[in-house]
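Just so it is clear, the model here is predicted, and its values are computed rather than measured.
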Amino acid sequence: MSLDTRPAQRTRRHTSVPRIHPNYHRRMRLADGLQIIAVVSVALVIAIFLADGGASRFGTPADAITSLGVVTGLVGTDLLLLMMLLAARLPSIDRAFGHDSAMELHQSLGKPALYLILGHGVLLTIGYAMVQPASVFAEVWIMLTTLPDMPLAFVGLGLLVTVVVTSLVVVRHRFRYEAWHLVHLLSYLAVLVSIPHQLSVGTLFREGSVQRYYWLALYVGVAGSILLFRFIVPIVRSLRSRLVVEGVDPVARDVVSIRLSGRQLRRLGARSGQFFIWRFWTPKLWWQAHPFSLSAAPTGDALRITVRGLGDASSALSALPKGTRVSFEGPYGLFTDFARTSPRIVLIAAGIGVAPIRSLLETATFAPGQATVILRSSTADDTYLVDELTDLCRARGAQLRIIAGKRSPGANSWLPADAVRAKVSLRTLVPKLREADVYICGPRRWTDEVVRDARAAGLPTRQIHFERFDW
């Protein structure tokens with residue numbers, strides 16, 4: 001283990017920071033409100049079914065199974081729409097939960113939504129078969145050939161199964177990101193082709209009913225949110241900002257910083273630590289979108305990102321010519337000072353995860369001596385932007401620690417092998433850890449181990465913030 005501690009220099013007068021930042025309370029109120037809306041939306045669809053006489057449709061086994069099939073379909077569809085909202089980049093969701101948490105919740109709802117919609121189809125088929133009477137397989141054929149819009153419903157179900165299966169971690173890592181993302185877009189088509197049978201089969205959403213208008217309003221609201229925040233807003237912002245590549249600066253082997261210039265960039269409301277999804281308009285790169293964090297504090301006319309060439313596309317970024325047009329989506333994420341709750345701050349990075357850490361250090365609010373920066377790498381060559389971080393730590397009165405060394409194979413620790421044997425932990429590295437917010441950025445497994453260490457030290461969830469570099 002190589003441990004380089006560079007003591008802070010007190011260059012500023014002491015300034016106090018609230019124990020719990022007011023932004024945290026505002027964010028929690030917003031998060032609570034959004035969660036209440038989500039729960040109410042599920043309760044409403046069940047209430048709609050019951051108000052339409054659903055409570056009286058459990059008199060026979062066939063009616064009970066059919067009614068359960070209707071309820072599972074309603075709840076499953078509502079969860080599916082909530083999933084789409086979580087991925088629609090709504091500013092209120094991003095401010096309340098952050099991108100990582102929103103997408104984690106989006107992924108966690110995938111299986112329940114699929115199981116409920118599968119249950120909807122199975123229960124309705126069994127219920128209808130009991131009334132006919134007919135075998136389940138015969139009933140499927142009857143539904144396909146006699147009920148309006150039912151073939152589209154089966155197509156939608158098949159598409160949804162495909163999307164959920166390809167979203168499983170063990171499956172999606174077999175795909176290139178672009179191929180996986182293209183398959184994931186099928187979820188929009190799955191939802192679209194399932195709408196007709198909801199309106200034409202059964203009487204719950206009959207023509208002219210209040211519940212029909214409510215149900216359609218849900219679809220219109222979700223579709224409008226996706227159209228606005230995934231397409232219209234990014235296009236308008238990109239055209240207005242006129243962002244271009246100002247220059248590409250080498251940082252280390254396969255690592256470069258890309259300087260971008262534009263106009264009216266303050267209107268983006270970007271904060272240090274956030275990320276954008278970038279599209280560079282060159283013949284080789286225009287069709288690919290890249291999520292990269294800011295590696296320097298944003299200004300009114302300049303942004304900077306630092307990237308590592310991990311694949312063909314990101315490697316090609318090192319050769320971007322000056323003047324290349326750039327479009328973008330964002331800014332996104334809560335890896336910012338806005339999420340702070342405590343006066344002290346600890347910034348921990350591995351590899352290219354140093355990019356948002358460096359930008360956050362530049363603007364975070366803390367008094368001299370209240371910040372610690374920890375860089376973790378296997379070798380000294382894997383430590384990036386060290387000179388910039390050293391200068392920032394010296395100017396702002398922060399302590400910089402560089403920990404280099406390989407981990408033991410199979411060890412559940414983010415520290416090198418000799419540090420583990422010496423019983424080094426985050427608590428021993430940062431004595432006043434419980435008074436700090438901890439920001440972590442790096443590969444998924446490494447990040448999980450740092451988070452585990454922070455929680456073992458007694459830090460509550462609100463004081464742990466992290467960004468992961470995977471999809």
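- Ion pairing of Arg407 with Glu449 is present here, as a side-chain N (NZ or NE/NH1/NH2) and a carboxylate O approach within less than 4.0 Å.
- Ser425 and Asp453 share no side-chain donor-acceptor pair at under 3.5 Å.
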Please walk me through it: do Ser377 and Thr383 pass side-chain hydrogen bond (donor to acceptor under 3.5 Å, both in side chains)? CA-CA 6 Å; Ser377 62; Thr383 307; 2.9 Å; yes

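- Taking the six-membered ring for Trp and thresholds of 30 and 60 degrees, Phe205 and Trp215 have nearly parallel ring planes, at less than 30 degrees apart.
- No side-chain N or O of Asp94 forms a donor-acceptor pair with one of His99 less than 3.5 Å apart.
- At least one donor-acceptor pair under 3.5 Å links the side chain of Gln274 to the backbone N or O of Arg271.
- Panel note: side chain Arg240, backbone Arg263; no donor-acceptor pair is recorded below 3.5 Å.
- Within the 3.5 Å criterion, the main-chain N or O of Val191 finds a donor-acceptor partner in the side chain of Ser194.
- At least one donor-acceptor pair closer than 3.5 Å links the side chain of Ser200 to the backbone N or O of Pro196.
- For the pair Arg27 (side chain) and Ala96 (backbone), a donor-acceptor distance under 3.5 Å is present.
- Proximity of the aromatic rings of Phe335 and Tyr439 is defined here by a centroid distance below 6.0 angstrom, and this criterion is met.
- Side chains of Trp281 and Ser327: a donor-acceptor N/O pair is present below 3.5 angstrom, by distance only.
- With respect to Asp337 and Arg340, a salt bridge is recorded, a charged nitrogen being found less than 4.0 Å from a carboxylate O.
- A cation-pi contact, defined as under 6.0 Å to the ring centre and within 45° of the axis, links Arg89 to Tyr332.
- A donor-acceptor pair under 3.5 Å is formed between the side chain of Ser67 and the backbone N or O of Arg57.
- No donor-acceptor pair under 3.5 Å is formed between the side chain of Ser295 and the backbone N or O of Ala355.
- Ring-centre distance between Trp278 and Phe292: not below the 6.0 Å cut-off.
- One N or O on the side chain of Ser359 and one on the backbone of Leu294 form a donor-acceptor pair closer than 3.5 Å.
- Checking side-chain atoms of Arg206 against main-chain N and O of Thr203 turns up a donor-acceptor pair under 3.5 Å.
- With Thr72 contributing its side chain and Gly69 its backbone, the two residues share a donor-acceptor pair below 3.5 Å.
- Minimum heavy-atom separation, Met150 to Met143: CB-O, 3.4 Å.
- Separating the CG atom in Leu243 from the CD atom in Gln264 is a distance of 12.5 Å, to the nearest 0.5 Å.
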